[in-house]
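Have a look at the structure below, then the notes.
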Amino acid sequence: MIALNNAQRDAVLKGDGPALVLAGAGSGKTRVIVERIAHLVAEKGVDARNILALTFTNKAAQEMSHRVAARLGVERFGGWLGTFHSFGLYVLRRDIDKLGRPKQFTIFDDADQLSLMKKLIKDLGAQAASLSPRDVLSWISNYKQDIATPDMAPSAQPGENAKRVLWTRYHEALQRASAVDFDDLLVLTARLFEEHADARQKYAERYHYVLIDEYQDTNRAQYLLARHISSVHHNIFVVGDEDQSIYSWRGANIRNILDFEKDFPNASAFRLEQNYRSTEPILKAANAVVKNNTARLGKTLWTAKEGGDPVRFYDAPDAEGEARFVVDDIVEKKLSPAQVAVLFRTNGQVRLVEEAMRRKGLAYVVVGGVRFYGRKEIKDVLCYLRLLVNPADDVSLRRVLNVPARGIGATTQDLLEQYAIARKQSLMEVLRETEMDQSIAPRARQSISDFVHLIDDLALEAKTEPTATVVDHLLERTKYREYVQQADEKDYRTRLEMVDEFRAACAQFDVKGGGGLLAFLQELSLVSDVDSWDTSLPAVTLMTCHSAKGLEFDHVYLLGLEEGLLPHASALESEDNIEEERRLCYVAMTRARVSLTLCAAKARVVFGDGIAPRETSRFVAEIPRDQLKFVGGDPGRKASAGQAPVAIVPTGGIKLGTRVWHAQFGKGTVMYTSGSGAKLRARIRFESGRSRDFMVAAAPLKVLDGDKKK
DNA sequence: GAGCGAAACGAGGAT
DNA sequence: CGTTTCGCTC
């Protein structure tokens with residue numbers, strides 16, 4: 001392993017064969033990839049079309065693309081540069097038929113998956129009634145990302161049999177609807193390369209050089225994909241930082257980066273340890289936190305930016321005070337809003353900050369949260385459009401069949417579903433045959449017939465007319481605007497603006513002359529929150545720590561440094577999960593260039609119905625006290641190791657994150673507590689996915705100790 | 001079947 | 001706390 005300084009970094013760029021660049025936070029990771037591509041094209045004479053560069057977000061891809069083009073002095077970089085998911089889409093559009101699937105497919109987002117799973121659980125009846133759709137989906141996703149199939153899933157635990165059945169049905173439903181989910185974009189691509197040597201060969205011969213950013217976040221499917229693509233030319237160049245691995249819950253396997261040198265023999269490895277971003281106090285504090293992790297290859301970042309303000313810590317009396325402090329501080333210090341980010345662990349924390357910002361008249365943008373394409377009105381229109389190009393898509397059909405209300409109610413819908421099952425047809429096919437069906441009420445029959453005509457007319461139009469025109473006619477014929485206005489008298493203006501914005505996006509797509517409506521819809525489902533973030537606005541940026549990865553700001557405020565929030569309550573039960581939370585904290589801290597302010601609250605409303613005392617995060621305690629400047633004085637309060645000023649729970653060790661056993665419901669985790677003493681209440685989430693409130697004094701609860709499994 | 005208010009439910013991070 | 005489902009009336 002060679003540790004590189006700035007001057008030696010060029011050596012990284014010139015070799016061939018597998019290479020791993022362990023690049024610390026702020027060490028110029030993107031620059032290394034940009035320079036490497038520039039070297040390949042400008043000096044080695046590699047045809048750009050033989051280069052494949054993969055990232056995790058469109059934003060990162062866009063930025064990289066601009067920088068490569070600028071570096072090469074061309075208008076557009078001609079190589080394939082984009083996200084793993086869009087590469088999967090690119091491959092599957094061409095070759096998914098080799099897996100026996102139709103080339104015209106829809107991509108289901110999480111809302112589609114959720115509504116499908118809800119229905120499947122309902123259909124399965126009592127056997128699955130206690131399962132939560134979200135838990136089942138993430139259970140499936142976990143196995144799926146390891147390229148498993150339903151028959152490979154475990155069935156020993158109670159409930160797992162039902163989950164296996166649901167997985168099988170989910171899989172069948174997707175196939176019937178000609179749809180794939182997000183995981184499939186990677187999993188099916190990996191499977192295609194595993195099972196079809198000709199397809200693998202085609203892509204592996206095409207891409208002489210494969211470059212991957214954020215390699216620590218790859219899952220098994222992405223790892224296999226990378227392996228197969230580089231199986232002919234063996235030029236795989238990956239850049240990553242094991243300390244910034246924060247997506248294990250999405251299937252990322254930290255072993256991919258830890259084992260790179262084993263997986264790719266003859267690999268060269270480099271370390272970039274100079275941080276060009278942060279001042280010394282910020283870097284020292286961040287290092288002090290992350291060094292407590294054990295799953296590391298080990299890097300010690302250093303910076304030439306000596307001096308600088310100390311990292312501050314403010315312990316607010318409550319969450320409102322925390323938000324107020326941040327806003328007041330930004331105003332008082334006259335910070336330029338565009339240079340400031342407020343970061344937090346959960347989306348729910350954003351509300352208080354927004355309110356405080358509004359009160360002070362400070363401009364802000366929220367990145368993430370409610371996704372544009374996840375909004376109800378957009379989703380409705382999208383589902384109509386999907387139906388036009390893919391009539392087999394039952395999930396979209398169910399969503400729009402009676403929206404706006406057109407007299408096809410629950411009774412009729414149930415009947416139609418039954419016919420669909422009995423005749424093994426799609427819902428749309430059933431609709432087409434009901435015109436003559438006496439068992440359906442005449443009024444409903446008329447409505448169904450009108451609906452079928454509407455879809456047919458628009459589908460025909462969609463073949464020739466611009467998408468924006470189709471959307472216009474769709475909105476007119478369904479009276480969608482009137483429906484929105486009626487359904488939401490408070491917010492209908494905003495909602496209609498959203499619809500207009502979507503129409504504008506369609507018009508833009510028409511002008512660019514994309515590859516048809518289906519391609520447009522497929523690409524839309526891969527648009528992420530950060531992609532639509534306008535960085536040129538003079539506004540403070542509010543986002544989660546996860547969204548902030550890869551970004552940097554002069555001034556960073558990191559909120560909610562409390563046990564249960566960062567580290568998050570759901571991670572408290574396992575040391576591995578705590579380490580990931582620690583990495584997340586490290587990622588957030590290292591976004592700061594000039595100043596870093598850590599905040600916590602002594603009390604906070606957690607789940608709505610009560611205020612709970614909070615312990616300061618263990619991560620704050622990991623920073624030596626002389627490296628922290630306590631705003632408002634050091635109250636002498638010890639973090640996590642000692643007593644919080646307000647006693648947390650005297651009774652039986654029940655507190656946030658405690659693992660308990662309930663006589664009726666089994667094992668669970670304490671999600672939230674309120675009250676104290678005899679009146680102590682706890683909300684407990686059980687392994688079945690259910691959660692319930694209990695009076696601790698009265699409930700048949702036992703505390704489980706030393707249970708570190710997850 | 002639609003529309004309304006009440007009750008129940010669910011709440012981590014996101015391509 | 002915000003959203004979805006329930007249950008009632010028309």
Side-chain angles (χ1 to χ4, degrees), chain A residues 54-61 82-89 107-111 113-115 118 122 132-135 137-138 141 145 180-186 214 217-219 221-222 245-252 343-349 351-352 367-371 373-374 376 402-413 441 443-444 447 483 486-488 523-531 543-549 560 564-572 577 580-581 583-584 587-588 605-610 671-672 683 685 689-693:
Chain A
L54 297 169
T55 63
F56 274 80
T57 63
N58 289 310
K59 193 93 190 166
T83 64
F84 271 98
H85 284 84
S86 53
F87 181 69
L89 175 59
I107 301 172
F108 277 179
D109 66 17
D110 47 356
Q113 295 175 40
L114 202 63
S115 74
K118 273 184 186 162
K122 213 167 144 190
S132 103
R134 245 170 238 288
D135 286 353
L137 281 169
S138 72
S141 177
Q145 299 200 332
V180 303
D181 63 18
F182 281 132
D183 291 337
D184 286 331
L185 288 174
L186 307 173
E214 310 279 14
D217 288 328
T218 49
N219 61 27
Q222 287 159 326
S245 163
I246 55 173
Y247 281 110
S248 73
W249 52 274
R250 221 167 59 179
L343 307 181
F344 34 81
R345 175 66 176 82
T346 65
N347 278 313
Q349 291 169 258
R351 226 191 72 241
L352 291 174
V367 177
V370 184
R371 299 183 56 181
Y373 292 104
K376 183 193 179 304
N402 202 30
V403 174
R406 54 168 68 86
I408 310 172
T411 319
T412 310
Q413 286 191 35
R443 235 179 86 187
S447 302
Y483 158 73
Q486 223 179 355
D488 189 351
E523 277 148 34
L524 280 189
S525 48
L526 297 184
V527 172
S528 76
D529 298 324
V530 188
D531 298 339
M543 59 166 74
T544 63
C545 301
H546 282 92
S547 296
K549 193 163 74 138
L565 213 43
L566 189 59
H568 193 267
S570 52
L572 295 179
N577 291 349
E580 179 147 319
E581 295 290 308
R583 290 191 291 270
L584 185 58
V587 166
V605 175
V606 184
F607 279 145
D609 59 350
M671 300 300 288
Y672 170 67
R683 179 167 296 200
R685 185 156 199 220
R690 295 258 143 179
S691 46
R692 281 188 59 148
D693 281 347

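Residue A:T544 places at least one side-chain N or O under 4.0 Å from the OP1 or OP2 atom of B:dA14. For B:dA11, neither phosphate oxygen OP1 nor OP2 lies less than 4.0 angstrom from any side-chain nitrogen or oxygen of A:T346. Distances shorter than 4.0 Å separate some side-chain N or O of A:N402 from OP1 or OP2 on B:dA2. In this model, the phosphate group of B:dG13 is not approached by any side-chain N or O of A:S547 to a distance below 4.0 Å at OP1 or OP2. Between A:N347 and B:dG12 there is no side-chain polar atom (N or O) within less than 4.0 angstrom of OP1 or OP2.
Look at CD on A:E523: it is 17 Å from P on B:dT15, rounded to the nearest Å. Atom CG in A:N58 sits about 15 Å away from atom P in B:dA14, given to the nearest Å. A straight line from CG of A:D110 to P of B:dA11 spans 13 Å, rounded to a whole angstrom. Distance A:R345 CZ to B:dA14 P: 9 Å, rounded to the nearest Å. Atom CG in A:L186 sits roughly 8 Å away from atom C1' in B:dT15 (whole-Å rounding). Between the C1' atom of B:dG12 and the CE atom of A:M543 lies a distance of 17 Å, rounded to the nearest Å. The NZ atom of A:K549 sits 11 Å away from the P atom of B:dT15 (whole-angstrom rounding). Nucleotide B:dG13 holds its P atom 17 Å from the CG atom of A:D217, rounded to whole Å.
A centroid separation of less than 6.0 Å is found between the aromatic rings of A:H546 and A:W249.
One N or O donor and one acceptor, one from the side chain of A:E581 and one from the base of B:dG12, sit under 3.5 Å apart.
Toward the 5' end of DNA chain B, the nearer of the two residues A:H85 and A:I408, judged by each one's closest nucleotide, is A:I408. Mapping A:T411 and A:S248 onto DNA chain B by nearest heavy atom places A:T411 closer to the 5' end of the strand.
Within the nucleic acid shown, A:R134 comes within 4.0 Å of sugar-phosphate atoms alone, with no base atom in reach, counting heavy atoms only. Within 4.0 Å (heavy atoms only), A:F182 reaches at least one base atom of the nucleic acid. In this structure, A:S525 reaches neither bases nor backbone, as no heavy-atom distance under 4.0 Å exists between it and the strands shown. A:A444 comes within contact range of no nucleotide atom at all, as no heavy-atom separation falls under 4.0 Å. If you check every strand for non-hydrogen atoms under 4.0 Å, A:T412 touches sugar and phosphate atoms only.
Considering only residues two or more places apart in sequence or on other chains, A:E214 meets the side chain to side chain donor-acceptor pair (under 3.5 Å) condition with A:K29, A:Q216, A:K549. The salt bridge (charged side-chain N to carboxylate O under 4.0 Å, His left out) search around A:K376 returns A:D380, not counting sequence neighbours.
In plain terms, the two heavy atoms of A:N577 and A:S570 that are nearest each other are ND2-O, 4.2 Å. The minimum heavy-atom distance between A:N219 and A:R250, with the atom names listed, is ND2-O, 4.1 Å.
Put simply, A:H568 does not rest on the base of B:dG13: the two rings are not both less than 5.5 Å apart at their centres and under 30° in tilt. Judged by ring centres under 5.5 Å apart and planes tilted less than 30 degrees, A:Y247 fails to stack against the six-membered base ring of B:dA14.
Of the candidate nucleotides C:dC1, B:dG3, B:dG13, B:dG13 has the atom lying nearest to any side-chain atom of A:H546. Each of B:dG13, C:dT4, B:dT15 was ranked by its minimum atom distance to the side chain of A:T83; first place goes to B:dT15. In the set B:dA2, C:dT5, B:dT15, C:dT5 carries the atom at the smallest distance from any side-chain atom of A:K118.
The shortest distance between side-chain heavy atoms of A:F108 and A:V180 does not fall below 4.5 Å.
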